[in-house]
There are 2 protein chains.
Amino acid sequence: MALEHAILISLTERAGSGYELARRFDRSIGYFWPATHQQIYRVLRRMDEAGWVTHTEIAQEGRPDKKVYRVAAPGRAEISRWLAEPADPAVLRDGLSVKLRGASLGDVGLVLKEMERHRAEHATRLEVYRGIQRRDFPKPNTLRGRELHQYLVLRGGIRAEESFVTWCDEVIDALRKDNR
Amino acid sequence: MALEHAILISLTERAGSGYELARRFDRSIGYFWPATHQQIYRVLRRMDEAGWVTHTEIAQEGRPDKKVYRVAAPGRAEISRWLAEPADPAVLRDGLSVKLRGASLGDVGLVLKEMERHRAEHATRLEVYRGIQRRDFPKPNTLRGRELHQYLVLRGGIRAEESFVTWCDEVIDALRKDNR
DNA sequence: CCTACCTATGCAACTGGTTGCAGTGCACCT
DNA sequence: AGGTGCACTGCAACCAGTTGCATAGGTAGG
């Protein structure tokens, strides 16, 4: 179960509250390990009880108090233990492919529309990734250690989105030709 | 929930038992919508109760009896209803990326090994896909309708695996250089 | 002024997916 | 003779993830 570890890793980079973590997940680590705030809160509490993290309550004015979590020694140990065990293969669940496969049982035109919509969404996300690359990693070949690793993960996202967009184009093109 | 629909689509292509469906999922539709036999059995029963599918019990000699399911009219209606509604974006959960991101908190060499292992697995799967392409779709530009759609889904798998393998190579190369 | 959204945490109920087990009979290997 | 593996279905327990809701003050916009 990698959610614990994704949170721990994110917390080593910077301490934060459940809410903040949920935001972070929305725009970085959650691209390949999505999580809702609910899940994050639950896992944080569990890890707190297990002693992997500690929290300090911070009173705020004008906005609700928050609990800022940071990784404790057992949490760090747990990360390196987990890093050493084999990762199971990435899970992909793509309803769009299922639809495409069954397209001829319904309105193919609608599936084509869906394809175009997804193409647009992934193109947007690709631009987001490229923006991050330009802003945060302008000189990739100077990177080392943690920053290099972060950059490489981003590269994976870019590659995945690129190939998704290209695939959509191939599909859209083929469906249009088939329709003529 | 696309598992119902993945099963229905698979059953329109060919009627079959839960067990057979589980096998099929293992080597085709399950590549982008994985499911265990347990899940398939449960969903089949639910769809049977809902009238989306019907089953005939088939007594076999030497091996256990089986229930062969086929799609009923309401099931077909349900497919085309579902095809017309928007698909939510593909979900990816990739523990390997999480590991890479946190690699510097543990033994980077081990993460590199993991990367190589995953690279090999994905290369194998890529070869499987390419084999299917050669065998089942030797002349892609003559395809139309259902076969075209199936081919296009396979193309998506090929593209995804290709880009994954290339990414692994990029990562492996970069980690090695960083280690020197 | 009212609505809507943001920060912040959390409970409760639910659905989807996983794991472990159990039974049965045949085929194959050692 | 004994073990493993395949074909076939299924129960039970569990774990992970989703959805809806509650609370509560602050800010921004129509």
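Naming: A, B, ... by sequence-line order, numbering from 1 per chain.
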Enquirer: Check this one for me: any side-chain N or O of A:Gln39 less than 4.0 Å away from OP1 or OP2 of D:dA16?
Expert: no
Enquirer: Rounded off to whole Å, could you give me the NZ-to-C1' distance for the B:Lys66 and C:dT24 pair?
Expert: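 Roughly 17 Å, once rounded to whole Å.
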Enquirer: Side chain of A:Arg42, base of D:dG17: donor and acceptor closer than 3.5 Å?
Expert: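 Counting by modelled atom types and ignoring angles, a donor-acceptor contact under 3.5 Å is found here.
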Enquirer: Walk me through it: do B:Leu100 and B:Leu96 pass the test side chain to side chain contact (heavy atoms under 4.5 Å, CB included)?
Expert: CA-CA 6 Å; B:Leu100 179 53; B:Leu96 188 58; 5.9 Å; no
Enquirer: Take the protein atom CZ of B:Arg45 and the nucleotide atom C1' of C:dG17, then report the distance between them rounded to whole Å.
Expert: 16 Å
Enquirer: Against B:Val71, only a single residue in B:Ile9, B:Thr12, B:Thr54 fulfils side-chain contact (heavy atoms from CB on, under 4.5 Å); can you say which?
Expert: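 Single pass found, and it is B:Thr12.
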Enquirer: Tell me: NE2 of A:His55 to P of C:dT9, nearest whole Å?
Expert: 10 Å
Enquirer: Is B:Tyr19 close enough to D:dA7 that one of its side-chain N or O atoms is under 4.0 Å from OP1 or OP2 there?
Expert: yes
Enquirer: Can you measure B:Asp26 atom CG to C:dT18 atom C1' for me and round it to whole angstrom units?
Expert: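 One finds 15 Å between C1' of C:dT18 and CG of B:Asp26, rounded.
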Enquirer: Spell out yes or no: do the side chain of A:Arg63 and the base of D:dT23 have one donor N/O and one acceptor N/O closer than 3.5 Å?
Expert: no
Enquirer: May I ask you to evaluate whether A:Tyr41 reaches the phosphate of C:dG10, defined as a side-chain N or O under 4.0 Å from OP1 or OP2?
Expert: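 Checking A:Tyr41 against C:dG10: no side-chain N or O falls below 4.0 Å of OP1 or OP2.
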Enquirer: With a cut-off of less than 4.0 Å, is there a side-chain N or O of A:Ser17 near OP1 or OP2 of C:dT9?
Expert: yes
Enquirer: Report the distance from atom NE2 of A:His37 to atom P of D:dT18, rounded to the nearest whole Å.
Expert: 12 Å
Enquirer: Salt bridge check, B:Glu127 against B:Arg134: does any charged N sit closer than 4.0 Å to a carboxylate O?
Expert: yes
Enquirer: Please check the phosphate of C:dG16 (OP1 and OP2 only) for any side-chain N or O of A:Arg93 closer than 4.0 Å.
Expert: no
Enquirer: Determine whether any donor atom in the side chain of A:Gln38 lies under 3.5 Å from an acceptor atom in the base of C:dC11, or the reverse, and answer yes or no.
Expert: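 Yes.
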Enquirer: Among the candidates C:dC6, C:dG17, D:dA16, find the nucleotide nearest to the side-chain atoms of A:Met1.
Expert: D:dA16
Enquirer: Return no unless some side-chain N or O of B:Gln60 is found under 4.0 Å from OP1 or OP2 of D:dA7.
Expert: no
Enquirer: To the nearest angstrom, how far is B:Glu4 atom CD from C:dG16 atom P?
Expert: 7 Å
Enquirer: Would you mind classifying the nucleic acid contact of B:Arg23 as base, sugar-phosphate or nothing, using non-hydrogen atoms under 4.0 angstrom?
Expert: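 Nothing, no nucleic acid heavy atom in range.
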Enquirer: Whole angstroms only, please: what is the CG-C1' distance between A:Asp88 and C:dT18?
Expert: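 After rounding, the gap between these two atoms is 12 Å.
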Enquirer: Do B:Arg119 and B:Glu170 sit within salt-bridge range, that is, some charged N less than 4.0 Å from a carboxylate O?
Expert: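 So B:Arg119 does not pair with B:Glu170 through a salt bridge.
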Enquirer: Knowing that exactly one of A:His55, A:Glu57, A:Glu20 qualifies, which makes a side-chain hydrogen bond (donor to acceptor under 3.5 Å, both in side chains) with A:Lys66?
Expert: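 Among the candidates, only A:Glu20 passes.
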Enquirer: Starting from the 5' end of DNA chain D, give me the residue, A:Glu61 or B:Tyr69, whose nearest nucleotide shows up first.
Expert: B:Tyr69
Enquirer: Check this one for me: any side-chain N or O of B:Arg46 less than 4.0 Å away from OP1 or OP2 of C:dT15?
Expert: no
Enquirer: Separation of A:Asp65 atom CG from C:dG10 atom C1', in whole Å?
Expert: 14 Å
Enquirer: Answer yes if the ring centres of B:Tyr31 and B:Tyr129 are under 6.0 angstrom apart, and no otherwise.
Expert: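 Yes, the ring centres sit under 6.0 Å apart.
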